[in-house]
J.: 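Please find one structure pasted underneath; my questions will follow.
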Amino acid sequence: MLRQALASADGEYLPHLQGEWVEATRSQHRAAVVEGHLTLSLLHCAARECPLAALSLLRAADADPLIGEDHHQRLMVCLTMNRGKYAAIEHYCRYRHYLAEEVGDTPMQDTVDLAERLKADERPCDHGPYMLTGK
């Protein structure tokens, strides 16, 4: 049901309207969509549906690059497990660039450390690599 709700909420809320009230409502809508994607990613993770967990995290980060840095860390781990370390490091580089250019900040040290661990081939997920086994 959450997946269906998120699909129906795709796109900008009331794109044809302008005004202060609609901007506040759009902001609330975006926040709800991001929270929905984050919740869905946790549900997929718990069900060991790793590629879907990563996809939900990517959608949350796309909708709001300023989601908590812990979510970017989780996304880096998911990408490592599902698409390899290069995908994770690519996300880290884009995130680091976004912070520098748009926010004037840098990632937290534990995010930097995680990136270095992933570069060194660490796979810090209990689920192990995703494999189609038919089970």
Side-chain angles (χ1 to χ4, degrees):
M1 292 183 85
L2 180 55
R3 212 177 355 245
Q4 290 173 340
L6 287 169
S8 69
D10 193 29
E12 195 66 37
Y13 184 70
L14 298 175
H16 58 288
L17 296 178
Q18 300 296 321
E20 189 174 309
W21 71 271
V22 79
E23 290 303 322
T25 305
R26 278 190 193 121
S27 179
Q28 292 171 344
H29 178 263
R30 272 191 297 272
V33 167
V34 169
E35 190 60 37
H37 284 301
L38 293 174
T39 299
L40 188 57
S41 76
L42 291 172
L43 292 170
H44 285 307
C45 187
R48 299 178 65 98
E49 299 167 338
C50 302
L52 294 174
L55 181 61
S56 294
L57 281 169
L58 279 168
R59 288 182 176 157
D62 285 345
D64 182 5
L66 292 176
I67 58 174
E69 195 154 338
D70 57 326
H71 300 299
H72 285 282
Q73 291 171 4
R74 254 184 351 109
L75 177 53
M76 289 165 58
V77 171
C78 283
L79 288 171
T80 297
M81 301 306 291
N82 292 288
R83 299 182 189 174
K85 70 179 179 181
Y86 297 107
I89 297 307
E90 181 182 324
H91 174 78
Y92 168 73
C93 290
R94 283 193 313 269
Y95 176 62
R96 189 180 67 204
H97 178 75
Y98 176 83
L99 286 178
E101 295 298 315
E102 300 296 325
V103 183
D105 202 358
T106 59
M108 296 180 347
Q109 187 59 47
D110 53 341
T111 304
V112 175
D113 294 343
L114 174 62
E116 292 303 316
R117 291 183 4 239
L118 296 177
K119 285 181 190 177
D121 292 324
E122 185 173 324
R123 298 172 70 82
C125 181
D126 295 336
H127 294 176
Y130 175 75
M131 294 185 294
L132 289 173
T133 60
K135 294 181 183 180

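Please read all numbers here as calculations on a predicted model, not as lab measurements.
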J.: With sequence neighbours left out, write down each residue that passes salt bridge (Lys or Arg N to Asp or Glu O under 4.0 Å) with Arg26, or none if nothing qualifies.
T.: Glu12, Glu23
J.: Mind checking whether Leu118 and Pro124 have side chains closer than 4.5 Å, heavy atoms only?
T.: yes
J.: Output a table of donor-acceptor pairs, distance under 3.5 Å, between side-chain atoms of residues 98-107 and any protein atom two or more places apart or on a different chain; print 'none' if there are none.
T.:
none

J.: Could you tell me the separation between the CD atom of Glu49 and the CG atom of Leu43, rounded to the nearest 0.5 Å?
T.: 9.0 Å
J.: Roughly how far, to the nearest 0.5 Å, is the CZ atom of Arg117 from the OG1 atom of Thr80?
T.: 10.0 Å
J.: Heavy-atom distance under 4.5 Å between the side chains of Asn82 and Leu55, does that happen here?
T.: no
J.: Measuring from atom OG of Ser56 to atom CG of Leu6, what distance do you get when rounded to the nearest 0.5 angstrom?
T.: 7.5 Å
J.: For residues Cys45 and Ala53, report the shortest heavy-atom separation together with the two atoms involved.
T.: N-CB, 3.8 Å
J.: Quick one: hydrophobic cluster around Leu58, which other residues, with the 4.5 Å side-chain cut-off, linked directly or via members?
T.: Val34, Leu38, Leu57, Ile67, Leu75, Leu79
J.: Honestly curious: do Leu40 and Leu52 fall in one hydrophobic cluster under the side-chain, below-4.5 Å linking rule?
T.: no
J.: Kindly check if the number of other-residue, nucleotide or ligand heavy atoms within 6.0 Å of CD (Gln4) is above 12?
T.: no
J.: Could you tell me which residues satisfy salt bridge (Lys or Arg N to Asp or Glu O under 4.0 Å) with Glu116, sequence neighbours excluded, listed by chain and number?
T.: Lys119
J.: Got a sec, which pairs hit salt bridge (charged side-chain N to carboxylate O under 4.0 Å, His left out) with one end in residues 54-66, sequence neighbours left out?
T.: none
J.: Contact between Met81 and Cys50 at the side-chain level, heavy atoms closer than 4.5 Å - yes or no?
T.: no
J.: Listing request: all salt bridge (charged side-chain N to carboxylate O under 4.0 Å, His left out) pairs with a residue in residues 76-100, at least two apart in sequence or in separate chains.
T.: Lys85-Asp121, Glu90-Arg94
J.: According to the ring pair (Phe, Tyr, Trp, His ring centres under 6.0 Å) rule, which pairs have a member within residues 53-85, sequence neighbours left out?
T.: His72-His91, His72-Tyr95
J.: Kindly write out the residues that satisfy side chain to side chain donor-acceptor pair (under 3.5 Å) with Gln18, not counting sequence neighbours, or none if the list is empty.
T.: none
J.: How long is the gap from CD on Gln73 to CG on Leu114, to the nearest 0.5 Å?
T.: 6.0 Å
J.: Suppose clustering is done on Ile, Leu, Val, Met, Phe, Trp and Tyr with side-chain heavy atoms closer than 4.5 Å. Which residues sit in the same group as Met108?
T.: none
J.: Not counting sequence neighbours, which residues clear side chain to side chain contact (heavy atoms under 4.5 Å, CB included) with Ser27? List them please.
T.: Arg30
J.: Mind checking what makes side chain to side chain contact (heavy atoms under 4.5 Å, CB included) contact with Leu42, not counting sequence neighbours?
T.: Arg74
